[in-house]
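Here is the structure we will look at.
Values in this document were obtained by computation on a predicted structure and should not be read as measured data. Side chains included, hydrogens not; waters and symmetry mates left out as well; all remaining heavy atoms used.
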Amino acid sequence: MDWTLAVDPAVTGELDKILGYMAWLVSAAAILGVLIIGSRMAIALRSGNGDEHLTQLAMVLGACVIGATAGPIVAFLLSG
């Protein structure tokens, strides 16, 4: 069974542009999120309770993985 999508190149051109912008926004949000949580961890570590922020860091890093793989998955599905 062949899984190909019949997509007009004019549509994929605009979709590629939007995916590019979204990739940059996800990258900027990921860097900002890691910096914010890292600074909160550093402040909490000085007061003695630094373990509380590890779950938040794991959530941000998980979101980074999802955001980083979304573009290539869509490109693979549309390439046919």
Side-chain angles (χ1 to χ4, degrees):
M1 177 178 260
D2 189 21
W3 293 91
T4 58
L5 297 173
V7 179
D8 187 22
V11 173
T12 58
E14 291 297 319
L15 185 62
D16 287 341
K17 184 187 289 187
I18 291 171
L19 283 174
Y21 290 144
M22 291 300 290
W24 281 107
L25 288 175
V26 166
S27 298
I31 291 169
L32 186 64
V34 170
L35 286 175
I36 289 172
I37 291 182
S39 63
R40 289 176 61 190
M41 283 177 74
I43 292 170
L45 188 62
R46 290 189 64 106
S47 64
N49 49 355
D51 295 337
E52 298 173 1
H53 299 286
L54 289 177
T55 57
Q56 292 176 350
L57 182 63
M59 286 179 25
V60 168
L61 293 177
C64 293
V65 169
I66 291 171
T69 59
I73 289 172
V74 171
F76 172 75
L77 290 176
L78 292 180
S79 68

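Met41 and Val60 fall within the same hydrophobic cluster, defined by Ile, Leu, Val, Met, Phe, Trp and Tyr side-chain heavy atoms under 4.5 Å apart, directly or through other members. Met59 is not connected to Val34 by any chain of hydrophobic side-chain contacts under 4.5 Å among Ile, Leu, Val, Met, Phe, Trp and Tyr, and they are in different clusters.
To the nearest 0.5 Å, atom CE of residue Met22 and atom OG of residue Ser27 are 11.0 Å apart. A distance of 10.0 Å separates CG in Leu32 from CD1 in Ile37, rounded to the nearest 0.5 Å. We find the CG-CG distance between Leu54 and Leu61 to be 10.5 Å, quoted to the nearest 0.5 Å. Note that the CD1 atom of Ile18 and the CG atom of Leu25 stand 12.0 Å from one another [nearest 0.5 Å].
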